[in-house]
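Here's the structure, in structure tokens; my notes come after.
In each ligand, atom 1 is the first atom listed, and ligand 1 is the first ligand listed. By convention here, the first residue in the shown sequence is residue 1.
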Amino acid sequence: MKISITLTGLLLAGNLLAQNTLILKPSAEPVKINKEIYGHFSEHLGTCIYEGIFVGEDSEIPNIDGFRTDVVAAFKELKVPVLRWPGGCFADTYHWKDGIGPREDRPSIVNVFWGGVTEDNSFGTHEFLNFCELIGTEPYLSINVGTGTVQEAVEWVEYVTSDNKSPMTDLRKKNGREAPWDVKFWGIGNENWGCGGDMAPDYYANIFRNYSSYIRGGDFQKIICGPSEDDTAWTETILSGLEGKQHLAQGVSMHYYTLPTADWSNKGSSTDFGEDMWFATLRNTMYVEDYIKQHLAIMDKYDPEGKIKLIVDEWGTWYDKLPGTKDGFLQQQNTVRDALVAGINLNIFNSHADRISMANIAQIVNVLQAVILTRGPEMVKTPTYYVFSMYNVHQDATLVPIELISERYEYQGEQIPAVTASASEKDGTVSITITNANPSKPITIKCQLGTEYKLVNSEIVTGREITDYNDFGKEEKVTISDFDPGRIKKQELQIEVPAHSVILIQLEQVG
Ligand code: AHR
């Protein structure tokens, strides 16, 4: 009897030990978490560019050369590492020459994908690249493949990056820019399986080869349009289409949007939701890891040395538009649920930093899961902004692999891991980021550190309610606060991670 009680006790203790444990497992083969994993995306869509970034020099809204002063300051503080532009679907309708030269002479076009509004081209190549310089970010340009030509693309690359004397560089100089800009990242088409021309994958693969072979003259990273979600057939066909010509692509893009429902006409509200939509959103966002693995398996087959990287250049939540906003403007609010989505995705991207070289959340201002929202002269930083800000410590840090055993968060017979995490090391500081998806239950995680550390910083992003968000003219409900994770004992830290929260723990080795 005595023995059986002891055994039961041991088994129970064993289970408890196993559950909710995070073990740091530094690796002998260091992997860098590219800062570009913390990248953003800006499109001529709704009020992302006009109103959100660019208001023009004559605006009453304070600005620097037409760029909103408040937004510039917020992006500088956020350390935006890379910004993709001009789309999105818009990119495959965009003719860059429409957006250079005196503004009054620039032709306008109709933005056929987004609201049918008139695009006056007052924000063009110079404005975008100057803006990137102002906020200290790397530009990532999307080339028009859908309605453009190889010649137009070649001239754009030359106009922007060449140091030689040529008609294109003379034109650039005439338009006020003497020195070339340093643009490394070039996307060749966007969603060419859909809005970028409804192409078949083998047809697109050939078009990509054609464009890429003429885009020369720099140490460029040329990105082939990859799949959406779990479309492995697209990945397989474009990569087999590159056989023998893999050097033409340095990256494969992938897009994955998180919708609470599978119904595009009824995606659900960004602010008015209950636990059913909370659970569905977080479950759906976690699918991204399966998709990443599926596409990487195919990439491994065609590129066993892993030279071609995966670039998740559109990701984030997509809900129904806010009531009263324009069709095609994709305006939504951003709550604690979005903070969790951001934390979960960034943890997943960090964990695959050996193959994911960049990710760009959609979109940077006023569209979808934006980090900044503006209304006239007002601006708010969203919960997603604060998660990105807290996770900045991972930019260009060395990944510290972890083993994580998490309890499940169950809702109506379905379950997902309650906790996700990732860790990195930079300049002697280890940073661990953790999410708790359970909306009502704090979870105690035992972090086995494996060596003597002291705690140097800990922060949290959460709100009282899962639906909390930051609204114009009101006190912020969701921001970064200090957090007390307890004390390290015997190289172990037991952290009670509050319900519906994202946290950061930073440690320094002792001695
Ligand atoms: O981000 C909004 C749109 O989503 C982009 O224009 C397109 O690439 C994707 O379908």
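The shortest contact between atom 8 (O) of ligand 1 and any protein heavy atom is with Glu314 OE2, 2.8 Å. Protein heavy atom at the shortest distance from atom 3 (C) of ligand 1 is Trp114 CZ2, 3.7 Å. In this structure, atom 6 (O) of ligand 1 lies nearest to the protein heavy atom Glu43 OE1, 2.7 Å.
For ligand 1, the atoms sitting less than 4.0 Å from at least one non-hydrogen atom of Glu191 are 7 (C), 8 (O), 9 (C), 10 (O), numbered in the order shown with element in parentheses. Remark: ligand 1 atoms within the under-4.0 Å shell around heavy atoms of Leu368 are 1 (O), 2 (C). Atoms of ligand 1 lying under 4.0 Å from any heavy atom of Asn190, numbered from 1 in the order shown and given with element: 8 (O).
The CH2 atom of Trp85 lies 8.0 Å from the CD atom of Glu127; values are rounded to the nearest 0.5 Å. Gln332 contributes atom CD, which lies 7.5 Å from atom CG of Leu322 (distance to the nearest 0.5 angstrom).
Between Tyr287 and Tyr256, the distance separating the two ring centers is not shorter than 6.0 angstrom.
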Test ring pair (Phe, Tyr, Trp, His ring centres under 6.0 Å) on Tyr159 and Trp96; report intermediate values, then the result. CA-CA 10 Å; Tyr159 183 92; Trp96 68 271; 4.9 Å; yes

Please determine whether side chain to side chain contact (heavy atoms under 4.5 Å, CB included) holds for the pair Ile292 and Phe349, giving the CA-CA distance in whole Å, both sets of side-chain angles, and the decisive distance to 0.1 Å. CA-CA 9 Å; Ile292 287 169; Phe349 301 155; 3.9 Å; yes

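When atom types are taken as modelled, the side chain of Asn470 and the backbone of Val478 share a donor-acceptor pair closer than 3.5 angstrom.
Under the rule for a side chain to side chain donor-acceptor pair (under 3.5 Å), the partners of Thr433 that lie at least two apart in sequence or sit in another chain are Asn347, His394, Ser422.
Considering backbone and side-chain N/O of Cys89, one or more are found under 3.5 Å from N/O of ligand 1.
If you look at Trp315 next to ligand 1, there are no close heavy atoms at all, none under 4.0 Å. Residue Phe41 touches ligand 1 through its side chain alone, judged by heavy-atom distances below 4.0 Å. At a heavy-atom distance under 4.0 Å, only side-chain atoms of Tyr257, from C-beta outward, approach ligand 1.
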